[in-house]
Chemist: 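Okay, here's the structure, questions in a sec.
Below, chains carry the letters A, B, ... as their sequence lines are ordered, and counting in each starts from 1.
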There are 2 protein chains.
Amino acid sequence: MNTSFKKRVVIIEDDVEIRNSYELIVNSSPKFFVLNTYDNCEDAIKQIHNDRPDIVLMDVELSGMSGIAGTKVIKDKIPHAEIIIISVYDNSEMVFEALRSGASGYITKSSNYIELLAALDEITKGGAPMSTKIARLVIDTFHINPNSPLSKRETQILQLISEGKTYTQISEELFISKDTAKSHIRNIYSKLQVNNKSEALAKATSDKLI
Amino acid sequence: MNTSFKKRVVIIEDDVEIRNSYELIVNSSPKFFVLNTYDNCEDAIKQIHNDRPDIVLMDVELSGMSGIAGTKVIKDKIPHAEIIIISVYDNSEMVFEALRSGASGYITKSSNYIELLAALDEITKGGAPMSTKIARLVIDTFHINPNSPLSKRETQILQLISEGKTYTQISEELFISKDTAKSHIRNIYSKLQVNNKSEALAKATSDKLI
DNA sequence: CATTATATCACCCATTTTGGATTATTGTTT
DNA sequence: AAACAATAATCCAAAATGGGTGATATAATG
């Protein structure tokens, strides 16, 4: 069979039953074919330049190197490859860690064969396959906290701090004295219960104040 | 007709043709009904406590208050409401601004009636309706830059800076002298071409180094 | 093998930031 | 009108940071 136009898929999954079932599903589509399957990241990485996959289906819970670590390595070696994480867990830390490591999709193991193929299709079209729940998790990280304890002015100043501005630069930009800027910043520290700019930025990020 | 089980929808869109067409589409579904339509945010906001919508379809390009600003106000007044932005543009700045302001979905005006109803369905199920292209934009913001100019140690120290740690705290945590910590930080500044912690964090965020 | 990058440590000096105490004006809400 | 939050300003002392200029050792790279 001519497979040259098909998208090249590699599967990394330690459960042999699941691995074989994924392989069957992927190969059942005329658009994809499975080059190789592995039960661990280490072996997959050794072969990655021979396999040259377009898409990697990656389990996170693996013995040895985790799927997250494996994703980083593979993305480093073949950046064009699209990695879809498959996990039993869909808690936020796991999802965000996976995305940070370079994955472009995240589906759960409960996905049936239609959903799995849909994910492959979506990533081929340049999308980012994920469940509605995960999409929402991701979107919610963008929302700015509407219950910020900071006043408008304080938020504005915190924004300038986040841009790396010094007291002097802030005072010049807002046409206030350096001491006034300082006064605002002190109030910000007091409200956020922090003691320096970086801590304030950490708090601002985690509480989504800016 | 008994509409008590239906999701309450408000439409804000200045083009009367499009507005009416949206209204027809939404009312064509047994799951939703349109309470009111408005051609500007100001009027919609005046009525928001009477309307008590579950879902708001919001155009961004409006005369007067923008859809982004309107989203902020509505989210502030009735936080439970889910807002779907409808825009002709799908460039990243526009999308991220909309999401930051509190929207939970973002679809383009090219969407047909099936896509519009699918978006309403998805948001009802707690999801985040958006096109594949936008999903990808969003996911890509999570990816850490694999071409970071920083060494492992420097990245680790930048991480500690982002947590608000001082030179002293960093040196204690890594069992190195304060001068060494400072030396690393200076190298970080030099590589990132910045002059202080906050600027380094701004650069780290924009370049996704941590 | 030479070079480069990395990681470690040190000293001096100036600037910036922070902590604490106080006061005053404006604007909003009750 | 009273109370409160936000804004603005000043003074002083201590701590942290940033810039300059080194040095040493080790690993990685060409």
Chemist: Measure from CD1 on A:Ile170 to P on D:dA8 and round the result to the nearest Å.
Modeler: 13 Å
Chemist: What residues form a ring-ring contact (aromatic ring centres under 6.0 Å, His included) with A:Phe142, not counting sequence neighbours?
Modeler: B:Phe96
Chemist: Generate the contact string for nucleotides 10-18 of chain C. Rules: B means base contact, S means sugar-phosphate contact only, - means no protein heavy atom under 4.0 Å.
Modeler: BBB----SB
Chemist: Whole Å only: how far is the CD1 atom of B:Ile176 from the P atom of C:dT6?
Modeler: 16 Å
Chemist: Round to the nearest Å and state the distance from A:Leu158 atom CG to D:dA6 atom P.
Modeler: 15 Å
Chemist: How close or far is atom P of D:dT17 from atom CG of B:Leu160, stated in whole angstroms?
Modeler: 13 Å
Chemist: Distances for protein N/O vs nucleotides 25-29 of chain C N/O pairs under 3.5 angstrom?
Modeler:
none

Chemist: Which whole-number value in Å describes the distance from B:Lys191 NZ to C:dA7 C1'?
Modeler: 11 Å
Chemist: Quick one: salt bridge (Lys or Arg N to Asp or Glu O under 4.0 Å) pairs with a partner in residues 53-77 of chain A, sequence neighbours left out?
Modeler: A:Asp59-A:Lys109
Chemist: Separation of B:Ile188 atom CD1 from C:dT6 atom P, in whole Å?
Modeler: 12 Å
Chemist: Enumerate the residue pairs fulfilling side-chain hydrogen bond (donor to acceptor under 3.5 Å, both in side chains) with a member in residues 183-193 of chain A, sequence neighbours excluded, ordered by first and then second residue.
Modeler: A:Glu154-A:Lys191
Chemist: Please name all residues satisfying side-chain contact (heavy atoms from CB on, under 4.5 Å) with A:Ser21, sequence neighbours left out, ordered by chain then number.
Modeler: A:Ile25
Chemist: Would you check, one step at a time, whether the test side-chain contact (heavy atoms from CB on, under 4.5 Å) holds for B:Val34 with B:Leu57?
Modeler: CA-CA 10 Å; B:Val34 176; B:Leu57 291 179; over 6 Å; no
Chemist: When you check the phosphate oxygens OP1 and OP2 of D:dA8, does a side-chain N or O of A:Arg153 lie under 4.0 Å from one of them?
Modeler: yes
Chemist: If only side-chain N and O atoms of B:His184 are considered, is one of them under 4.0 Å from the OP1 or OP2 phosphate oxygen of C:dT6?
Modeler: no
Chemist: Could you tell me the separation between the CD1 atom of B:Ile157 and the P atom of C:dC9, rounded to a whole number of Å?
Modeler: 11 Å
Chemist: Quick test of your reading of the model: are A:Lys7 and A:Glu82 salt-bridged, counting only N-O distances below 4.0 Å?
Modeler: no
Chemist: Between atom CD1 of A:Ile134 and atom CD1 of A:Ile107, what is the distance when rounded to the nearest 0.5 Å?
Modeler: 9.0 Å
Chemist: Ignoring hydrogens and geometry, is there a side-chain-to-backbone donor-acceptor pair from B:Thr141 to B:Val138 under 3.5 Å?
Modeler: yes
Chemist: So do B:Lys152 and B:Thr155 actually touch side chain to side chain, heavy atoms under 4.5 Å?
Modeler: no
Chemist: Can you tell me how far C1' of D:dT7 sits from CG of A:Leu150, to the nearest Å?
Modeler: 14 Å
